[in-house]
Amino acid sequence: MKMIDTYRPAAHVAALLLVTCSSSALARDDDRVPPRDDILVVGRGDGALDRPSATGSRLGLTPLELPASVATVDGDAIRARGDLTVVEAVSRAPGITAAANAGNGNTALAARGFVGQGSVLQLVDGIRLFPVAGTITFPTDPWNVERIEVLTGPASVLYGQGALGGAVNVVSHAPSETARYDAELSYGAQDTWHVAAGAGGSVGEQLGYRLDASYRRSDGWVDRGDNHSLALSGALRFAPSERLTVTLRGDYGDVRPMRYWGTPLINGRLDSRTRRRNYNVADADIRFRDDRQTLVAEWKVSDAVTLTNAVYRLASKRSWYDLESYAWAPAAGRPNGVIERSDNLGIVQDIAQYGDQASVKLSAPLGGGLANDLVLGAEVNRVNLRYSNNFAVADQADAVDPFDFVPGTLEDRAATLPRYRTATTEWSIFGEDRLRLLRRLSLIGGFRYEVDTVRRRNILYDAAGAPAGEANAFPGGAREKRFRDTTWRVGTVYQPAQSVSLYAQYATGVDPVGTLTTFTNSATQFAFTNAKGDQVEAGAKAALLGGRVNVTLAGYRIVKNDLVAQRVTNGPLEQIGRQSSRGIEAALSLALAAGFSVEANGTVLDARFDDFLNGNADLSGNTPPNVPERAGNLWLTWESRGVRAQAGLRHVGARFVDSANSARVPAYTVADGGLSFAVTPALAADVRVYNLFDTRYVTSTYGATQWLLGRPRSLDVALRARL
């Protein structure tokens with residue numbers, strides 16, 4: 001479906017209300033405005049520390065009670081700010097930056113010096129997503145999100161391998177007893193449309209529901225950048241008693257993102273004349289489809305015992321047909337040089353992931369001021385993959401003028417055939433415990449033992465290209481590769497006051513070498529283990545003035561061992577490398593007098609290879625690629641008498657493009673903002689400005705000289721309704 005394709009605004013109007021809070025005093029408790037339920041109210045701020053976090057612990061603890069860094073991005077705040085993707089929303093959290101491109105499903109993140117799906121784990125409603133070749137494509141849309149919780153630092157003890165940098169948990173809208181209906185219609189620059197609706201409430205005393213639907217389309221900000229997506233979700237909750245609830249949920253996402261792989265540098269620089277150029281072929285196609293069902297049961301046997309079980313299934317089909325690599329080169333007789341295009345990749349991933357997670361929580365007072373909370377559980381997951389590609393055929397390559405060219409078409413789609421199958425099984429047992437020694441002092445610990453097994457069989461073809469059966473892919477006749485890992489953490493929390501915490505923690509974690517589900521059949525890599533790491537962290541948190549002021553500060557050091565390195569050029573790969581990072585994260589949220597509020601966070605870190613060889617080059621001391629060592633967010637809001645104004649800054653520091661640190665992507669700061677008017681308590685009109693100063697900035701890279709540019713200055717308008 002394509003809506004009003006022929007209409008283009010003659011000019012974009014930019015408007016932003018800058019808010020200054022120079023001398024406003026913090027509002028006292030007795031100055032609070034009575035709560036309202038009109039459409040401009042977006043709920044609790046992102047910095048709330050007194051709300052239980054399902055991501056930082058299975059014990060139901062709040063961030064104040066945890067010896068770890070946990071942040072929450074509220075779903076209503078995401079939609080009020082106009083964030084268009086989950087990645088945009090979560091990268092407003094402390095210490096999180098985007099590393100997204102179409103190859104990783106436009107979802108990869110960086111945290112505490114570690115990058116990608118193999119180090120920053122992604123979850124939905126507490127259930128992990130297993131990447132395939134570094135790619136995850138679900139969840140699809142921030143409209144369906146209740147909140148996003150972020151645990152920075154090793155999370156393997158909670159969720160398994162692939163979480164040394166942290167874990168991001170997207171929590172979906174849940175059924176509620178109170179009826180609520182939401183809708184949005186927006187239009188803006190690049191012929192961008194959004195139509196969405198949601199409804200929730202109860203049917204009788206025992207049944208609740210939630211339904212959401214969101215459709216987006218845009219022409220994009222590069223040539224042939226059209227894209228669209230559809231996200232559907234629904235949930236039913238059955239509560240036959242106060243102690244038992246059963247929730248059935250279904251989600252569907254269908255995404256055709258921009259077929260844009262970045263802008264090539266010309267003479268080592270971005271050229272303003274290529275800002276809208278897309279060097280992909282005209283018939284390129286990318287599509288991600290995800291279909292997920294979950295069934296969660298919770299039974300509170302007594303005040304001291306709670307049983308929980310979650311069973312799920314996720315089916316994903318992803319496809320790429322592109323000419324993906326572009327590099328500028330000088331050419332005789334051509335003053336502009338040429339863009340050399342290559343890598344006509346055809347890839348199809350057919351994935352079925354399913355599993356079960358069960359746990360029991362035991363809570364008991366021990367007398368004398370002592371109390372203990374314990375969770376024990378087990379988890380099993382299975383991922384079946386059929387991987388198709390065209391890597392066996394000759395590469396399509398050409399050279400085009402950087403500014404005047406015919407996109408052309410792909411030469412061969414039929415060569416994309418099934419090449420191998422893998423079956424990945426993961427099972428684990430885990431535990432977590434909090435011992436409250438005194439009213440103000442707690443000890444918290446946890447462990448996880450996990451076994452991951454990968455079986456791979458290559459699909460063979462004869463000389464004529466006809467299927468010729470399957471063959472075991474592992475060397476020496478082995479049928480599988482098995483990884484066994486034990487991770488643990490221990491920490492303490494001291495609360496000199498109920499709303500103030502001081503904490504320290506030691507945690508271990510593991511990351512896969514590559515991607516678990518697409519483990520290679522190389523004889524050398526068959527001997528590899530998961531990379532191991534550990535972290536020391538200490539910090540302070542405070543929620544003051546009834547939650548109007550929330551402050552967090554954390555300092556940490558993470559060391560990761562067993563990186564794959566190469567002593568000499570063309571020599572064998574070995575697990576001999578080491579990487580580390582150390583840094584500080586801080587966050588602040590203030591609810592000020594006269595309707596003003598401030599959300600701010602920032603991180604400063606030093607990430608480096610401590611021991612890393614690449615051929616004959618010693619890269620020790622270099623910064624890992626795609627890791628900004630400075631990042632921060634600022635968001636100011638003013639609300640009064642049916643009007644809300646907001647302004648925000650997002651800063652991402654400079655990043656290196658490769659391990660050799662051969663080139664640096666410049667830092668950027670982007671300003672966004674908006675103005676909202678409550679036409680009625682249930683209807684609002686919004687004006688949203690993105691990239692107010694039209695900054696040309698790089699969101700990510702695809703190779704050392706191919707940079708993905710962010711959205712230029714854009715103005716969107718929206719109507720939102722809530723009943």
Side-chain angles (χ1 to χ4, degrees), residues 87 91 96-120 133-135 165 222 260-272 274-275 277-280 322 324-329 337 339-343 345 402 514 560 563-566 577 579-581 603 605-610 612-631 650-670 695-710:
V87 165
S91 59
I96 301 292
T97 56
N101 60 54
N104 56 50
N106 292 313
T107 62
L109 301 166
R112 293 194 170 181
F114 299 89
V115 183
Q117 316 290 11
S119 291
V120 184
T135 303
V222 297
Y260 169 61
W261 293 91
T263 300
L265 304 183
I266 295 179
N267 259 333
R269 299 179 179 180
L270 284 172
D271 191 308
S272 61
T274 65
R275 184 170 185 174
R277 295 287 188 270
N278 183 359
Y279 293 92
N280 209 340
D322 299 279
E324 295 183 1
S325 297
Y326 326 121
W328 179 85
I339 301 296
E340 296 178 341
R341 306 191 302 178
S342 59
D343 290 339
L345 298 184
K560 179 178 178 178
L563 301 186
V564 174
Q566 192 178 44
Q579 174 184 345
S580 69
S581 67
T603 183
L605 63 92
D606 177 18
R608 63 175 58 205
F609 292 118
D610 299 305
F612 193 65
L613 304 173
N614 184 20
N616 294 321
D618 185 352
L619 305 183
S620 301
N622 285 9
T623 301
N626 298 313
V627 173
E629 295 188 309
R630 305 287 186 274
R650 185 199 305 268
H651 175 76
V652 176
R655 297 147 286 165
F656 288 104
V657 299
D658 55 21
S659 298
N661 292 180
S662 62
R664 186 194 297 259
V665 176
Y668 68 84
T669 302
V670 174
T695 302
R696 186 177 63 174
Y697 66 101
V698 179
T699 61
S700 185
T701 62
Y702 191 75
T705 62
Q706 199 168 315
W707 296 359
L708 282 78
L709 303 182

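For the numbers below, each heavy atom of this structure counts, side chains included, while hydrogens, waters and symmetry mates do not. Residue numbers count from 1 along this sequence. What you are looking at is a predicted structure, and each value in this text was computed from that prediction instead of being measured.
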Checklist entry - Taking only residues two or more places apart in sequence, or in another chain, which ones meet Asn626 in a side chain to side chain contact (heavy atoms under 4.5 Å, CB included)? => result Val115, Thr701

Next on the checklist: Once ring pair (Phe, Tyr, Trp, His ring centres under 6.0 Å) is applied, do any residues pair with Phe612, and if so which ones, sequence neighbours excluded?
Outcome noted: Phe609

Checklist entry - So, the side chain of Glu629 versus the backbone of Gly653: is there a donor-acceptor pair under 3.5 Å, distance only? => result no

Next on the checklist: Show, in sequence, the C-alpha distance, side-chain angles and deciding distance for Leu605 and Val627, and conclude whether the side-chain contact (heavy atoms from CB on, under 4.5 Å) test is met.
Outcome noted: CA-CA 10 Å; Leu605 63 92; Val627 173; 4.1 Å; yes

Checklist entry - What's the spacing between Ser700 OG and Trp261 CH2 if we round to 0.5 Å? => result 11.0 Å

Next on the checklist: Assess the residue pair Thr603 and Thr97 against the criterion (side-chain contact (heavy atoms from CB on, under 4.5 Å)); give the C-alpha distance rounded to whole Å, side-chain angles, the decisive distance to 0.1 Å, and a yes or no.
Outcome noted: CA-CA 10 Å; Thr603 183; Thr97 56; over 6 Å; no

Item to check | Test log, rule side-chain contact (heavy atoms from CB on, under 4.5 Å), inputs Tyr668 and Val652 | outcome: CA-CA 6 Å; Tyr668 68 84; Val652 176; 3.3 Å; yes

Item to check | salt bridge (charged side-chain N to carboxylate O under 4.0 Å, His left out) against Asp343, all qualifying residues, sequence neighbours excluded | outcome: none

Item to check | Test salt bridge (charged side-chain N to carboxylate O under 4.0 Å, His left out) applied to Asp271 - qualifying residues, sequence neighbours left out | outcome: Arg273

Checklist entry - Could you give the distance from CG (Asn614) to OG (Ser620), rounded to the nearest 0.5 Å? => result 11.0 Å

Next on the checklist: I'd like to know whether Phe656 forms a side-chain contact (heavy atoms from CB on, under 4.5 Å) with Asn622, so could you lay out the CA-CA distance, the side-chain angles of the two residues, the decisive distance to 0.1 Å, and finally the verdict.
Outcome noted: CA-CA 9 Å; Phe656 288 104; Asn622 285 9; over 6 Å; no

Checklist entry - Partners of Arg341 by salt bridge (charged side-chain N to carboxylate O under 4.0 Å, His left out), sequence neighbours excluded? => result Asp398

Checklist outcome for this item: When every non-hydrogen atom of Ala654 is compared with those of Ala667, the smallest separation belongs to N-CB, 3.5 Å

Item to check | Residues in salt bridge (charged side-chain N to carboxylate O under 4.0 Å, His left out) contact with Arg608, at least two apart in sequence or another chain | outcome: Asp606

Checklist entry - Is a side-chain N or O of Gln706 found less than 3.5 angstrom from the main chain of Tyr326, in a donor-acceptor match? => result yes

